[in-house]
Structure formats: structure tokens, C-alpha cells
Amino acid sequence: MDESAQESRPAPIRRRRRRRRRSNITAVYILAAVLAALIALAIFLKWPRSEEGAVFTTSGDGSISAAALADGTVRLDWTAAENADGYLVEVFPLGDDGTADESVLYYRADTPENACTLRALDGAGECLLRVTAYTLAADEQTQIACETPLQAALNFDTPLVDSLSWEVEADTLSVSFALLPGDRCCVCLLIDGEIEQLLAEVDGDEWSLAFGEDALLPIPEAGEEITIGFYAAREQEGIAYTGPISAQLSLCEENFLGCELNAAAADEGDNVYTLTWQQTKGETFAVQRQDDDGEWITVATRAAGEEMCYTTEHLAAFHTYSYRIAALGGEAGEGIFSETLSIETQQSVIYATIWPVRNLTAYADPEMTEEVSTATAMQAYCVLAEAEGAFGIRLDGELCYISSDYCMINLPEYIGELCAYNITNSYDSLYMVHEFEIPTVTGTVITGYEDVCLADGSFLVPLLYPAACKLLVAAQTAQELGYRLKIYDSFRPNKATTRLYSIASALLEEVLPDGTYTGVPISSLNLPEQTVITGTLEDGTEVEAKVPLTYAEIMLGNYTLNYYLAAGYSKHNLGIAMDLTMENLETGEEISMQTSLHDLSHYSALSENTYDADTLSSIMISAGFTGLSSEWWHFQDNDALNSLNISPVTSGVSVQGWTADDGGWRYRLADGSYYAACTAAIDEVEYAFDADGYVIAE
């Protein structure tokens with residue numbers, strides 16, 4: 001082995017020794033670092049991470065609130081503590097002495113938030129609720145509790161609002177309810193089930209709130225709803241406890257509606273009335289009219305929220321109508337309450353039947369400046385409009401105007417029940433001579449009156465329009481005195497006049513029958529003394545005999561036949577005269593005059609007038625009519641006679657023709673009936689009619 005090799009061998013040994021020394025030093029450093037870490041960990045575990053632990057601001061400043069929820073749980077909220085990492089919530093029972101029994105734990109929760117939800121604890125009685133804030137030690141597991149927790153005694157029996165009852169009157173909601181002793185009621189506005197606004201806190205058991213423009217809440221509009229909720233609140237030491245929304249009510253427009261309909265009727269003219277009423281409680285409103293049998297017939301309905309009004313059709317003249325507005329509710333539409341209106345109509349020419357007494361020029365305008373057609377004499381027309389001195393009628397499918405002065409109007413359609421009507425000449429003539437019959441006249445239908453009595457028992461009573469206007473005044477005067485005028489005859493065709501005169505004149509020298517037509521005893525008639533003649537028989541015996549009375553002796557007296565019947569034409573033939581009497585307005589009984597009406601005898605003369613006959617005469621004369629000295633019942637309009645160029649009308653009247661009402665057009669036959677549920681050719685045109693007789697539009 002050479003020297004160099006020998007010298008190189010121990011060197012590695014020395015290097016190994018140096019390496020061992022360095023390892024020892026490293027180990028010491030590592031051990032020291034570990035020890036330092038352990039010491040630091042120990043320090044971390046021993047002391048809080050922050051300089052201060054979790055604390056509530058000041059003992060007693062913190063507060064707890066509890067809110068019972070609908071599911072029975074209880075939401076707790078409390079004042080947040082400074083530096084808190086979490087909160088421990090505990091519930092213990094309280095003994096009678098007010099000491100918590102911490103050996104029994106009803107509830108415990110650990111939460112990082114200053115709120116939590118407890119399970120339902122109803123029935124637990126008085127409990128101690130403790131909320132302890134804590135911080136976490138350095139290990140982030142160890143809790144370091146604050147020295148002064150929040151705690152309060154709490155009865156978990158849920159505060160509730162019970163037995164809620166309410167009513168709305170005069171826009172004010174009044175509510176009563178029941179609460180547990182010590183609780184108060186909180187009233188709130190709910191929107192979509194959530195509390196939108198606290199309206200009031202009530203300590204008692206009653207509460208009221210006015211609604212309106214300047215009030216806390218407005219009255220709901222149609223289709224809107226306001227929901228008000230009620231919950232109870234309880235103040236206990238250190239805690240406020242509120243219950244869930246335990247009662248609520250929803251208010252809509254109807255709740256603020258009362259039970260007063262305040263129905264009214266406004267005259268729109270021409271016997272059309274608009275009925276109005278204010279909306280009240282109820283789901284629908286029925287407009288009903290009472291029929292002749294006293295039954296209420298529904299003519300229209302209005303749903304809540306619709307306009308509360310109804311416009312009638314054109315009503316008959318001088319008739320009393322009873323309308324009823326009924327508020328209905330429930331599925332079956334039971335009546336809740338109602339109000340009745342009485343409507344007394346006036347005169348109206350709309351839809352009345354008229355007959356021109358001569359061919360009349362028809363005009364396109366009510367001022368009658370543009371000639372367009374001709375209205376045929378004695379054709380029945382229906383009045384569609386009225387202007388000064390003109391009637392609007394339909395001619396050739398167009399509205400035209402003719403002079404109203406030369407038209408007879410049907411009185412029952414114009415002045416209605418202001419007068420009574422009994423045109424006996426159309427079914428059982430009363431023409432007699434002081435209760436003695438006129439053969440072929442008494443009890444018959446007078447020639448020209450065949451179509452005057454209609455199928456429904458009503459009569460046509462034509463009178464020239466100017467005279468009809470005067471009659472209206474007379475009828476109103478009579479009503480003021482407690483009477484109703486009763487018309488037995490008005491227009492009389494000339495052919496009836498001439499026939500009556502012919503028969504009566506041939507009857508004058510005839511001997512009176514042995515008995516009266518009506519059965520009245522002859523002894524009660526105050527007949528003139530019969531002439532007694534004497535004679536001698538062949539055997540020389542003197543005898544006496546009474547000469548039978550003739551019609552002439554009873555009829556004429558100091559008059560001639562012309563005083564009763566015209567030989568040519570009478571004022572009746574012109575449509576300006578009437579035969580009428582009176583009846584008691586209340587009882588309907590006819591007033592007794594000196595004779596029966598149409599008694600063609602001198603007993604009917606005005607000189608024989610009774611007090612009531614004089615009353616009738618006074619009424620008619622004051623209205624502008626003139627009477628006849630021979631007939632207490634006859635009155636005529638001489639003003640029309642003198643101012644108008646009128647000629648006698650030969651033929652009688654008929655209603656056959658087109659007529660209209662609010663339902664449309666119908667074709668009326670001579671007996672007053674209508675084409676119905678059929679087709680018919682009229683003036684070579686085919687028309688279809690529905691079941692009510694109205695033309696079906698193509």
C-alpha cells in the first residue's frame with residue numbers, strides 16, 4: 001500500500017463524525033420548533049382568539065321576541081351580541097317559585113344566527129328561555145360563553161284572536177273578538193297572505209276602522225278585495241310573544257253596501273221611465289212589475305257591479321204601475337230585501353192608433369215642408385213621433401209627418417184609464433125612448449160599429465186630436481172632484497146616424513109597447529097623461545077610453561127629432577163629439593142622472609138636469625166643450641168645428657194595419673189580434689211573424 005492511499009483512508013471517518021454532529025444540531029432545532037408549536041397550541045387552546053369574549057351590549061339591553069307560526073312552531077329573534085360566534089338556546093320548566101329546573105331540558109338549539117325556530121311547546125306552561133352568546137376558542141370547537149345570557153320567563157300557550165265577529169255600517173268596519181287575559185290584538189293589512197301594514201294594536205276586545213277617501217283605507221272598488229288579519233301579542237318580562245294570524249276577513253265593495261236601495265223613477269217622456277237604485281248587499285238585482293193578478297213578473301236583472309238602472313218600455317197612458325227592485329242572494333236567488341215604486345203615467349201619443357179623417361199630405365220633416373206621400377183617410381196608423389201640430393207615421397217604409405189636427409186618436413191609448421169606456425153601440429146598444437126599446441136598434445150592434453169592440457174586450461174610442469186634448473183637461477178636472485168620466489160614444493160613422501134617424505122617424509107614430517125594455521115599471525116613468533075619449537054605444541051607453549101613447553109623445557115633447565138624431569150628419573160624424581157620464585172614482589159606480597144615457601126622450605133635456613148632471617156639464621164646458629139642450633150626455637168641440645175644414649166620415653173605424661211598440665212591428669187584424677207564429681202576405685209582400693206577432697227581420 002503506498003503512502004498516498006494510507007493517508008486518504010481516515011478522511012471519510014472524520015467526515016462521518018461531522019455529519020453526525022450536524023444531525024444532532026438539526027434534531028435539536030426540530031425539537032425546539034415542535035415544542036414551540038405545542039406551546040403556541042397550548043396558548044391558543046387556553047385563551048380566546050380575540051381580546052374580548054362575546055357580550056350583549058349591556059346586561060338587560062338585549063331583548064327577545066317570540067312569534068308563534070301557523071304550523072305550531074315558534075320563531076325566536078334576539079338582539080345580536082358583539083363578537084358572538086353563535087348562540088345556545090335553552091328552554092327549561094319553571095317551578096311555582098319561579099326557579100328554573102335545569103335538570104329538565106325542554107329544548108336546546110345551537111345556532112350561528114341571532115334567530116331560531118322552536119318546536120311547538122303548547123301546554124308546557126311557564127318556562128325559562130335562555131339565550132347564551134358564545135365565542136369559539138382557538139380550536140374552533142370550544143365554546144366560551146358570555147357571562148350574562150339573555151333570558152325571560154315565557155308561557156308558550158299561543159296568543160290567539162278568537163270568536164271574531166264584524167259588521168260594516170256607514171262605511172265603518174266594527175270588529176269584536178276574544179283574547180286571553182293580558183293579550184292585545186294586532187290588526188294588519190294582508191297582501192298575498194303577508195303582512196303589508198300594521199293598522200292598529202288594540203288592548204280591548206273591540207275595534208273599528210273607517211273607510212273612505214280620507215281614511216286609512218279606501219273603500220274597495222268593484223272586483224277588488226281588502227284582507228285584514230288579526231293576531232294576538234303578549235308582553236312578558238323580557239320578551240314579546242306574538243301569535244300567528246289567527247283570524248282574517250276579506251272585504252269587497254258589497255260589504256260596504258247597505259240595505260237601502262233608494263229606488264227612484266225618472267220620467268224620460270212619452271211614458272218611458274228610468275228606474276235607478278243604489279247598489280246594496282246582494283248578488284243580483286231583479287226588476288219586477290206587478291201584473292193584473294198581483295203577481296210579480298221579473299222584467300230585467302242586473303248583476304252586482306253593473307249599472308243599477310232599468311228603462312221601461314213605453315207604458316200605457318194614465319195607468320198606475322207597480323215596480324219592485326229586489327236584491328237577491330244565494331245560489332237559489334232568494335230575496336234579501338226589496339223596494340217598491342209606484343208609477344202613475346200621463347198622456348202619450350207614442351204608439352197610439354190614429355185615423356186621418358181625410359186624405360192627408362205626408363211630409364219628410366216635422367215642419368211639413370217637403371211633401372213625400374199621402375196618408376189615406378180612415379186607415380189606421382201608428383204614431384211613432386210627435387212634433388208641433390204633426391204626427392210621425394210610417395209610410396212606404398219611411399218616417400213621415402201628417403197634420404195632427406185632422407187625425408182622430410184612440411182615447412184609451414192616449415189618455416188611458418183617466419177615463420172609463422163602454423161603447424155599447426158595438427155590442428148592445430142602449431138607444432131607447434125612456435126605457436122603451438127601438439126595434440132593430442136597442443140591444444143590437446149599430447151599423448158602422450162592427451169593429452169597435454175588440455177580441456180582448458177593449459174598445460176603439462176615436463176622437464179628433466184637438467178635442468181629445470180638451471177632454472184630457474176635463475177628465476183631470478173630474479178626477480180632482482172625485483169622478484171619472486165614462487165615455488159611451490165618440491166618433492159615429494155617418495151611415496149609423498142616417499140609419500138611426502130613418503128608423504126613429506118611422507117609429508114616431510107607433511104605440512109604446514106594454515112594457516119597458518129594461519123591466520122598469522111604467523108607473524115609475526112619469527109618463528104624460530093619456531088622452532081620454534068618450535063615446536056612446538048603440539044602446540046609448542056612454543063609455544070612456546084612453547088613447548095609447550106613441551113614441552113621439554115620449555120622445556119629442558117640445559123638441560123635434562133633429563134634437564136627438566141628425567137627418568144628415570151629426571157632430572159625431574166629424575169626430576168632435578162625445579156621449580158620456582161620470583162614475584165615482586173610488587167605487588167605480590156610475591152616477592145616477594135624470595135618465596139613462598142614450599134615452600132619446602125629452603126627459604133627457606138639460607132643463608131636467610140633476611145636480612150631478614149639472615156637475616158634468618160644468619166640467620165639460622170649463623174645458624171648452626159645448627152641450628146640447630136635449631141631451632145631458634152630449635158634448636162637442638165647436639172650436640174644432642169652426643177652425644177646421646172637416647167633412648163627415650161615412651165608414652166606421654178599424655185597427656187593421658201595421659202597429660208598433662218597443663218590441664217591433666206587428667200586423668193587427670180588425671178584431672185586435674195579430675198574425676203570430678206564421679207567414680202572411682200583406683200588400684203582396686210575404687212576412688214571417690214570431691210567436692208574439694213581431695215581424696222576423698230577414
Side-chain angles (χ1 to χ4, degrees), residues 317-318 347 408-432 446 449 452-453 458-492 496-497 564-565 570-585 587-600 603-606 608-641 653:
F318 285 102
Q347 77 276 8
M408 293 190 296
I409 190 167
N410 189 29
L411 292 177
E413 294 172 296
Y414 171 53
I415 59 175
E417 296 176 5
L418 191 60
C419 292
Y421 313 95
N422 187 7
I423 312 302
T424 55
N425 285 340
S426 66
Y427 69 98
D428 186 9
S429 174
L430 291 180
Y431 280 124
M432 285 179 277
I446 301 300
Y449 285 81
V452 167
C453 184
S458 63
F459 301 101
L460 301 181
V461 190
L463 190 67
L464 202 68
Y465 186 57
C469 294
K470 288 184 177 181
L471 175 65
L472 171 62
V473 175
Q476 291 172 326
T477 301
Q479 193 172 66
E480 292 171 0
L481 297 175
Y483 302 104
R484 177 181 285 113
L485 299 182
K486 187 173 185 178
I487 302 173
Y488 274 89
D489 203 9
S490 57
F491 165 72
R492 183 184 306 155
T497 297
Y564 308 104
L565 297 171
S570 75
K571 304 306 184 292
H572 286 280
N573 306 156
L574 305 177
I576 62 171
M578 292 167 293
D579 296 341
L580 71 164
T581 185
M582 299 189 301
E583 64 182 23
N584 185 288
L585 188 60
T587 66
E589 294 182 359
E590 193 168 308
I591 303 300
S592 178
M593 303 296 187
Q594 62 260 39
T595 67
S596 301
L597 192 138
H598 283 171
D599 179 0
L600 304 183
Y603 296 93
S604 301
L606 299 189
E608 304 293 331
N609 267 10
T610 61
Y611 170 83
D612 293 312
D614 281 339
T615 300
L616 172 62
S617 179
S618 175
I619 291 171
M620 297 302 293
I621 291 173
S622 66
F625 290 95
T626 302
L628 286 182
S629 60
S630 57
E631 297 176 350
W632 60 261
W633 59 79
H634 177 99
F635 299 92
Q636 61 192 43
D637 182 6
N638 284 345
D639 293 332
L641 175 66
V653 293

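Here the structure is a predicted model, which is why all the values come from computation and not from measurement.
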Which value, rounded to the nearest 0.5 Å, describes the distance between [X] atom [atom1] and [Y] atom [atom2]?
X: Tyr488; Y: Thr424; atom1: OH; atom2: OG1; value: 7.0 Å
X: Met408; Y: Leu464; atom1: CE; atom2: CG; value: 7.5 Å
X: Arg492; Y: Asp579; atom1: CZ; atom2: CG; value: 5.5 Å
X: Arg484; Y: Thr587; atom1: CZ; atom2: OG1; value: 10.0 Å
X: Ile576; Y: Asn638; atom1: CD1; atom2: CG; value: 6.5 Å
X: Ser490; Y: His572; atom1: OG; atom2: NE2; value: 8.5 Å

Minimum heavy-atom distance between [X] and [Y], given as atom pair plus value:
X: Gly627; Y: Phe635; answer: CA-CD2, 3.9 Å
X: Ser596; Y: Asp599; answer: O-CB, 3.1 Å
X: Gly588; Y: Glu583; answer: O-OE1, 3.4 Å
X: Asn425; Y: Leu430; answer: OD1-N, 4.4 Å
X: Thr595; Y: Ser604; answer: OG1-OG, 3.0 Å
X: Ile619; Y: Ala474; answer: CG2-O, 3.3 Å

Donor-acceptor check, side chain of Gln594 to backbone of Ala605, threshold 3.5 angstrom: yes or no?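 Answer holds: yes.
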Hey, does the side chain of Ser618 reach the backbone of Asp614 with a donor-acceptor pair shorter than 3.5 angstrom?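 Absent.
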Who passes side chain to side chain donor-acceptor pair (under 3.5 Å) against Asp612, sequence neighbours left out?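 None.
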List for me each residue that meets side chain to side chain donor-acceptor pair (under 3.5 Å) alongside Glu631, sequence neighbours excluded, and say none if there are none.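 Counting only residues at least two positions away or on another chain, Glu631 forms a side chain to side chain donor-acceptor pair (under 3.5 Å) with Trp633.
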Side chains of [X] and [Y]: closer than 4.5 Å at any heavy-atom pair?
X: Leu472; Y: Tyr414; answer: yes
X: Met582; Y: Leu485; answer: yes
X: Phe491; Y: Leu411; answer: no
X: Leu460; Y: Ile423; answer: no

With respect to Met578, which candidate in Val461, Leu471, Asp489 satisfies the side-chain contact (heavy atoms from CB on, under 4.5 Å) definition?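 Exactly one candidate clears the test, Leu471.
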Can you tell me if Trp632 and Thr610 form a side-chain donor-acceptor pair at under 3.5 Å?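 Checked: Trp632/Thr610 side chains show no N/O donor-acceptor pair below 3.5 Å.
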Taking it one step at a time, do Tyr483 and Thr615 satisfy side chain to side chain contact (heavy atoms under 4.5 Å, CB included)? CA-CA 10 Å; Tyr483 302 104; Thr615 300; 4.1 Å; yes
Just to verify, what does Tyr431 make a ring-ring contact (aromatic ring centres under 6.0 Å, His included) with, not counting sequence neighbours?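 Expected list: His598.
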